[in-house]
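Encoded as structure tokens, the structure appears first; notes follow it.
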Number of protein chains: 2
Amino acid sequence: MAEPARRGVPEATVGRLPAYLRALTACAAQGTTSISSEELAAAAGVRSAQLRKDLSYLGSYGVRGVGYDVERLSSQIAGELGLTQEWPVVIVGLGNLGRALAAYGGFSERGFRVVALVDEDPAVVGRTVQGLTVQTLTQLDEAGTPVAIGVITTPADQAQDVADRLVALGVRSVLNFAPAVLSVPPDVAVRKVDLATELQILAFHEQRRAAAPGPQEVTG
Amino acid sequence: MAEPARRGVPEATVGRLPAYLRALTACAAQGTTSISSEELAAAAGVRSAQLRKDLSYLGSYGVRGVGYDVERLSSQIAGELGLTQEWPVVIVGLGNLGRALAAYGGFSERGFRVVALVDEDPAVVGRTVQGLTVQTLTQLDEAGTPVAIGVITTPADQAQDVADRLVALGVRSVLNFAPAVLSVPPDVAVRKVDLATELQILAFHEQRRAAAPGPQEVTG
DNA sequence: AAAACTTTGTGAACGAAAGCACAAAGCCGT
DNA sequence: ACGGCTTTGTGCTTTCGTTCACAAAGTTTT
Ligand SMILES: NC(=O)c1ccc[n+]([C@@H]2O[C@H](COP(=O)([O-])OP(=O)(O)OC[C@H]3O[C@@H](n4cnc5c(N)ncnc54)[C@H](O)[C@@H]3O)[C@@H](O)[C@H]2O)c1
Ligand SMILES: NC(=O)c1ccc[n+]([C@@H]2O[C@H](COP(=O)([O-])OP(=O)(O)OC[C@H]3O[C@@H](n4cnc5c(N)ncnc54)[C@H](O)[C@@H]3O)[C@@H](O)[C@H]2O)c1
């Protein structure tokens, strides 16, 4: 037991770890020190069998007949997710969305720090937003600020170019809010958040409901 | 051929249809009238076999030896996604994120219209944002404005309450930006967009790269 | 009109993920 | 010390999703 996690945590499991961590943090905040898979699963919105299987990939951190130690499991998951260190983040594109993200407190809350804000618009470059001076990508490059994660919030037609330049800068993880398919080297991870896609998926189910008789749950 | 799609389009396929539609729209914009599965797949960031299988769930809309008619396939997918009608959307929580979404032009672009903006803060209620007067949920209820899709951008601790009230109002599709697990009736669809989760997944892979020797792609 | 070529549509193989069900493991009360 | 109770961890089954690979169906060329 308590092994440092065998290699090969399934991608689907990784996708749920943040939810578990959040639920555990909430528990800890209200004083709970121990929690069963049933309770934690409910809090995270999954089935208990799935939670246990997910946790089994990280190692055995529960006590049979009792449950999981909230503190212990939290740090285990945080460690697995690489949240023991702080990851420097750059936001590229300070329009409506970029500014909202820059103003968002949720970054620093856990393992992430916005270290730079980037835009190309001369009207924006040089201004101070959230305590950071907006710079160009070129300036960021010259400054040599280490950056691990790049968040792209530029218009879609700029996204590929921005991604290329971020990669050249050493960024190997990209979170893309622009509705564009990014092409990057194989060692760069890209995740996409797309509002239009989400709405269209909802519309699909909304429309299907109109045709089909019986109601049915459609989540995720 | 050209049947109106048998019931049972896999969820994974539905999730990719918006990307296909976007790629097709881009093609149409630049004058392309016909496209092969290979090209369209590249534009959408998937494998051609997957594209063809996905499209096969909607019916046979290609011509062997040639490819797909851009216009025809576009309207087929749009129809499948329920984008032939306009869906009324309400945004609840006009903070940083809510305002960015309200200002976003991408809604109307395709099948969605923001018909109401909601907040509880007396400093915000009554003000005009993007041509709409911000109201409370109670006022929205009294006004009787039909709403199909609710977007939640309130703090997490308000999300469940807002969701309950939206459901009571008749909303059956919810897009939740707050980091909270929502509990809704089985006939209500909920989709979640969670920035912290996305970053943490990136951090996981970032961290793993440090340990593992060979590079590897990690997308989606 | 037939041969050569291109590309679709899909059965079948493969792989990943979810869910079931229960033995094993630990607690607690007596 | 032991029996009963609770809850974990996991092998097995089933379901879902992806990829392969090729016959069928069309176009173009000769
Ligand atoms: N605003 C939203 O709610 C929302 C929602 C979903 C998706 N998106 C997407 O997010 C992106 C940004 O949306 P927005 O509403 O903030 O747009 P916006 O036009 O308000 O902002 C874009 C910003 O990017 C900057 N920019 C442009 N090219 C750049 C470059 N090459 N390098 C650096 N900066 C550059 C612009 O100067 C501008 O400040 C778009 O792709 C949009 O489709 C936005
Ligand atoms: N800002 C971001 O970039 C960002 C990114 C990811 C996630 N989020 C999440 O989105 C949500 C909103 O973020 P934000 O930065 O815009 O927060 P914010 O505090 O700026 O805005 C929240 C708004 O919701 C309103 N509100 C609160 N309770 C309400 C209620 N019961 N009914 C109606 N309105 C209510 C508030 O008056 C406020 O205007 C949060 O849950 C946050 O975690 C934000």
Side-chain angles (χ1 to χ4, degrees), chain A residues 1-3 5-17 19-20 24 27 32-70 72-73 76-77 80 201 216-220, chain B residues 1-3 5-17 19-20 24 27 32-70 72-73 76-77 80 201 216-220:
Chain A
M1 303 113 239
E3 308 220 334
R6 0 235 171 297
R7 277 315 122 200
V9 180
E11 196 56 36
T13 294
V14 174
R16 285 185 294 267
L17 292 181
Y20 301 156
L24 285 167
C27 282
T32 312
T33 65
S34 179
I35 191 170
S36 72
S37 64
E38 204 67 53
E39 294 168 301
L40 182 52
V46 301
R47 302 246 161 235
S48 66
Q50 181 158 85
L51 170 69
R52 290 199 299 276
K53 177 141 286 194
D54 283 342
L55 294 184
S56 78
Y57 293 116
L58 313 188
S60 294
Y61 283 87
V63 179
R64 294 174 191 223
V66 177
Y68 301 88
D69 181 83
V70 172
R72 186 167 146 81
L73 187 56
Q76 177 57 24
I77 294 178
E80 191 70 25
I201 293 171
Q216 70 250 24
E217 180 166 24
V218 182
T219 308
Chain B
M1 298 118 241
E3 309 219 336
R6 0 234 171 299
R7 277 314 122 201
V9 180
E11 197 56 34
T13 295
V14 174
R16 284 185 293 266
L17 292 182
Y20 302 155
L24 286 167
C27 282
T32 312
T33 66
S34 179
I35 191 170
S36 72
S37 66
E38 205 67 52
E39 295 168 301
L40 181 52
V46 301
R47 304 243 164 238
S48 66
Q50 180 154 83
L51 170 70
R52 290 199 300 276
K53 176 134 288 198
D54 283 343
L55 294 184
S56 79
Y57 294 116
L58 314 189
S60 294
Y61 283 88
V63 178
R64 295 174 190 222
V66 176
Y68 301 88
D69 181 82
V70 171
R72 186 166 146 80
L73 187 56
Q76 177 57 25
I77 294 179
E80 190 70 24
I201 293 171
Q216 71 250 21
E217 181 166 22
V218 182
T219 308

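Chain letters run A, B, ... following the sequence lines, proteins first and then strands; every chain starts at 1.
Put simply, NZ on A/Lys53 and OG1 on A/Thr13 are 9.5 Å apart, with the number rounded to the nearest 0.5 Å.
Atom pair B/Glu11:CD and D/dG17:P shows a separation of 8 Å (rounding to whole Å applied). Regarding B/Leu55, its CG atom lies at a distance of 13 Å from the C1' atom of C/dT7, rounded to whole Å. Rounding to whole angstrom units, CG of residue B/Leu17 and C1' of D/dG17 are separated by 15 Å. Between the CZ atom of A/Arg72 and the P atom of D/dT8 there is a distance of 14 Å, rounded to whole Å. A/Gln50 has its CD atom 11 Å from the P atom of C/dA17, to the nearest Å. Summarising the geometry, the separation between CG on A/Leu73 and C1' on D/dT8 is reported as 13 Å, rounded to the nearest angstrom. Note: OH (B/Tyr57) to P (C/dT8) measures 17 Å, nearest angstrom. Rounded to a whole Å, the CG atom of B/Leu51 is 17 Å from the P atom of D/dG17.
Nearest to the side chain of A/Arg52, among D/dG9, C/dT8, D/dT18, sits D/dG9. When the nucleotides C/dT10, D/dT27, D/dT18 are ranked by their closest atom to the side chain of B/Val66, D/dT27 comes out on top. The side chain of A/Ala12 has C/dA17 as its nearest neighbour among D/dG17, C/dA17, D/dC20. Considering only the side chain of A/Ser37, D/dT8 comes nearest among D/dG26, C/dC27, D/dT8.
For A/Leu51 against A/Val46, the heavy-atom pair with the smallest separation is CB-CG2, 4.3 Å. Of all heavy-atom pairs between B/Ser34 and B/Val70, the closest is N-CG2, 3.7 Å. Closest of all the heavy-atom pairs between A/Leu55 and A/Tyr20 is CD2-CD1, 4.5 Å.
Looking at A/Lys53, its side chain has no donor and acceptor atom pair within 3.5 Å of the base of D/dG9. In the interface, the side chain of A/Arg47 is not paired with the base of C/dG19 through any donor and acceptor atom under 3.5 Å apart. Between the side chain of B/Arg64 and the base of C/dT7, no donor-acceptor pair of N or O atoms lies under 3.5 Å.
Along DNA chain C, the nucleotide nearest to A/Arg16 and the one nearest to A/Val63 differ in position, and the one closer to the 5' end is contacted by A/Arg16.
At the phosphate of C/dG9, OP1 or OP2 sits under 4.0 Å from a side-chain N or O atom of B/Tyr68.
Judged by distance alone, the side chain of A/Gln50 and the main-chain N or O of A/Arg47 form no donor-acceptor pair under 3.5 Å.
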